[in-house]
Participant: 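The structure follows.
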Amino acid sequence: MKPVEKICISCPVGCHLSIEMNHGELLVKGNACPRGVDYARIEMTEPKRMVTTTVALTEAAINRLPVKTDRPIDKDKVIALCKFLRTVSFKAPIQCGDVLITEILGTDVNLVATRSV
Amino acid sequence: MNNKYDVIVVGGGPAGLAAASEAAKNSGVRVALIERDAFLGGILNQCIHTGFGLHHYKEELTGTEYAHRGIMSIEASSVDVYLEAMVMSIDEGHTVTLISQTLGYVKLWGGAIILAMGCRERARGSVIIPGTRPSGIFTAGTAQRYVNIEGDQVGKRVFILGSGDIGLIMARRMTLEGAQVLGVAELMPFSSGLTRNIVQCLEDFDIPLFLSHTVVKIEGETRLEQITIAKVDADYRPISGTEKTFACDTLLLSVGLIPENELSRQMALEMHALTRGPVINNLMQTSMPSVFACGNVAQVHDLVDHVSEEAERAGKHTAIFSKTVVPMLEKAITVETDDAFGMVSPQKLVRFDFENQPLQTAALRLRVKKPYTSAWLVIKSGDVQLMRLRKNHLTPGEMVHIAVDLNAMPLESETIKVYLEV
Ligand SMILES: Cc1cc2nc3c(=O)[nH]c(=O)nc-3n(C[C@H](O)[C@H](O)[C@H](O)COP(=O)(O)OP(=O)(O)OC[C@H]3O[C@@H](n4cnc5c(N)ncnc54)[C@H](O)[C@@H]3O)c2cc1C
Ligand code: SF4
């Protein structure tokens, strides 16, 4: 099988990976660190993405609270998640790192605040 | 109020935060941090995406989380923070004049000053596009602030000119906000953004990237209605017959950043043509001995981790500088580059710190003008080769870092030059 070219996006280095499946075994080249191999495996089977966005915020000096998923969520759920988050609102005070919603949209992913307000 | 400080830091972004807390770690060093905004954190407050901190904190953080850590360490330190305080001038390299919301007009004196004012976007005026002047045209950074901090809707059908990181990040951001991003046009035959941003901001959402294209026409009465893009030739001139039109209400311009150097120019610091910031040495010192610079004010960085690293270096050396009377005696080595590079920093190298301790290495950062899959970086002094390094995947969007062995620099040499050999 011809190797698949993918760019590892696990960190800003952006290594150019060459991924080969050899009798069910994954052969990764071009990765500068072991995370590249994990990225290749997940990207070839079930791609996931971290989501960062903002939610409505009241009783604070700013109008939006930045948030993130605490782990990557299935790539095909990203748009639905953002759509849902446009309907929620939170009240200050909130600490950076606070869990705002657990098991969002029936996944094992939680929503976390990324700024103190 | 005691207005006399050992170190005064201008700007409370990641550079200022790291420089101030590092300087304050030295006992007896009194530090002031001045920020014109109501919050510390600088540009990071609008960077809600991840990709920060992997080198500095060994974990991946969002911009706001990265800022939070810096702010926490300032709060735990002895640094005096002045918020909503704008520095108007710096005289004789020591006297800082600021206008504060609460304190009014204040003069502070600093044994050493660290410039950490960051950068700003090139103005809309610097891109000349024929056509009408409707509303709906924003710089990408302004749109980022509107969307991420103020929570304003910027537009529904968006086109982006410029494929630098801010443009790419905003393509994804607007998509997640429910807008339709029709495409990104880039004048150059390659993107200046990080490769990972092309993957996760454009390819993930099937947003087309038009390389070697530019916007040639803007139409709309009060609000933007339609834009036209065209392919450009090798001299960046639009090629007729290649036009494509897009109906859109918003055009984001991601046309690059320039260091914020009003104050540097006012002080008549020696400026560098490539970085457009002050000329600095590896101790982050400018041409005025008591004035230092770090972060985006010195050179536009792509990673905040590098900003913090050099800011800590600035903090450390300024703290020493403020406590010693010995001036720099040694003659600095000048760093030059050949045409392949669009930037080099620092531009001067010294071999000893302010306590006259020898330094072993110096971090040199360079930016290539166009991508190379593989090349040699060669440092020469005259005809003598001092260093030769192989580098793969060089792109304008990612700075090259090399550790220069200062012991290998010939003492009598006053200039070294970095060459790129393909
Ligand atoms: C859209 C975008 C995406 C980015 N993505 C990434 C990424 O994924 N990963 C990464 O590592 N880095 C990223 N960066 C880069 C990183 O954010 C910057 O390199 C970093 O913020 C620069 O820090 P700074 O302190 O030099 O400048 P800034 O953050 O700009 O801070 C400068 C501060 O100085 C203040 N100031 C200016 N003039 C004065 C004055 N006269 N008086 C008082 N205060 C003043 C300003 O208000 C500001 O708060 C990104 C940047 C942008 C814009
Ligand atoms: S392989 Fe490692 S170094 Fe390379 S992009 Fe992936 S995480 Fe970063």
Side-chain angles (χ1 to χ4, degrees), chain A residues 5-17 30 32-33 35-36 39 43 47-58 60-72 75-87 89 94-98 112-117, chain B residues 38-39 41 44-55 58-69 71-72 75 145-153 165 169 172-173 175-178 193-201 203-205 302-306 373 392-393 395 397-398:
Chain A
E5 300 281 328
K6 290 245 179 223
I7 293 168
C8 176
I9 60 169
S10 304
C11 90
V13 174
C15 289
H16 293 241
L17 308 178
C33 87
R35 289 175 66 196
Y39 177 81
E43 198 61 19
K48 289 177 187 285
R49 292 290 182 266
M50 287 287 290
V51 176
T52 58
T53 184
T54 63
V55 291
L57 178 68
T58 56
I62 50 173
N63 299 330
R64 304 295 295 182
L65 176 69
V67 294
K68 69 170 186 184
T69 52
D70 64 351
R71 70 193 71 178
K75 194 175 151 191
D76 56 17
K77 292 214 172 79
V78 169
I79 296 284
L81 172 66
C82 289
K83 214 166 178 175
F84 166 66
L85 291 179
R86 285 201 284 278
T87 65
S89 173
I94 292 166
Q95 291 302 311
C96 181
D98 281 358
V112 176
T114 58
R115 183 175 179 177
S116 294
V117 286
Chain B
F39 304 96
L44 292 181
N45 286 325
Q46 66 186 61
C47 295
I48 64 158
H49 58 283
T50 58
F52 302 80
L54 216 80
H55 302 270
K58 305 287 176 248
E59 63 183 292
E60 183 156 6
L61 305 171
T62 70
T64 51
E65 288 175 317
Y66 193 99
H68 179 75
R69 299 218 176 170
I71 295 168
M72 297 300 278
E75 283 176 357
R145 201 185 62 238
Y146 283 160
V147 173
N148 290 347
I149 299 184
E150 270 129 63
D152 296 335
Q153 261 275 358
D165 285 315
I169 296 278
R172 174 178 62 186
R173 189 70 197 110
T175 308
L176 295 183
E177 281 295 314
L194 293 174
T195 22
R196 69 185 314 231
N197 284 339
I198 301 199
V199 177
Q200 58 185 0
C201 298
E203 291 175 11
D204 271 7
F205 303 103
D302 23 62
L303 287 185
V304 71
D305 302 73
H306 302 150
T373 41
N392 294 329
H393 292 299
T395 93
E398 298 170 31

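No experiment lies behind these values; they were computed from the predicted model shown.
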Participant: What do the steps show when you test A/Arg86 against A/Thr53 for side-chain contact (heavy atoms from CB on, under 4.5 Å), and what is the final call?
Facilitator: CA-CA 10 Å; A/Arg86 285 201 284 278; A/Thr53 184; over 6 Å; no
Participant: Answer with side chain, backbone, both or neither: which region of B/Glu177 has an atom nearer than 4.5 Å to a non-hydrogen atom of chain A?
Facilitator: both
Participant: Name the region of B/Thr62, side chain, backbone, both or neither, that has any atom closer than 4.5 Å to a heavy atom of chain A.
Facilitator: side chain
Participant: Just give me the residue among A/Lys68, A/His16, A/Lys75 that pairs up with chain B most often, heavy atom to heavy atom, under 4.5 Å.
Facilitator: A/His16
Participant: Does B/Arg69 make a cation-pi contact with B/Phe52 (under 6.0 Å, within 45 degrees of the axis)?
Facilitator: no
Participant: Could you tell me whether the side chain of A/Arg64 reaches within less than 4.5 Å of the side chain of B/Asn148, counting heavy atoms only?
Facilitator: no
Participant: Heavy-atom distances under 4.5 Å only: say whether B/His68 touches chain A with side chain, backbone, both or neither.
Facilitator: side chain
Participant: Among B/Val199, B/Ile48, B/Asp305, which has the most heavy-atom pairs under 4.5 Å with chain A?
Facilitator: B/Ile48
Participant: Please state whether the side chain, the backbone, both or neither of B/Tyr66 comes within less than 4.5 Å of a heavy atom of chain A.
Facilitator: neither
Participant: Tell me, for A/Lys83 versus chain B, whether the close heavy atoms (under 4.5 Å) come from the side chain, the backbone, both or neither.
Facilitator: neither
Participant: So which residue, B/Ile71, B/Asn45, B/Asp204, B/Ile149, ends up with the most heavy-atom pairs under 4.5 Å with chain A?
Facilitator: B/Asp204
Participant: Under a 4.5 Å cutoff for heavy-atom pairs, which residue among B/Val147, B/Leu176, B/Leu61 has the most contacts with chain A?
Facilitator: B/Leu176
Participant: Please examine the side chains of B/Thr64 and B/Gln46, heavy atoms only from C-beta on, and report whether any two atoms are closer than 4.5 Å.
Facilitator: no
Participant: Output yes when A/Arg49 and A/Glu43 qualify as a salt bridge under the 4.0 Å nitrogen-oxygen rule, no when they do not.
Facilitator: yes
Participant: How would you list, by chain and number, every residue that makes a side chain to side chain donor-acceptor pair (under 3.5 Å) with B/Asp302, sequence neighbours excluded?
Facilitator: B/Arg367
Participant: Without swapping roles, check the side chain of B/Asn197 against the backbone of B/Leu194 for a donor-acceptor pair under 3.5 Å.
Facilitator: no
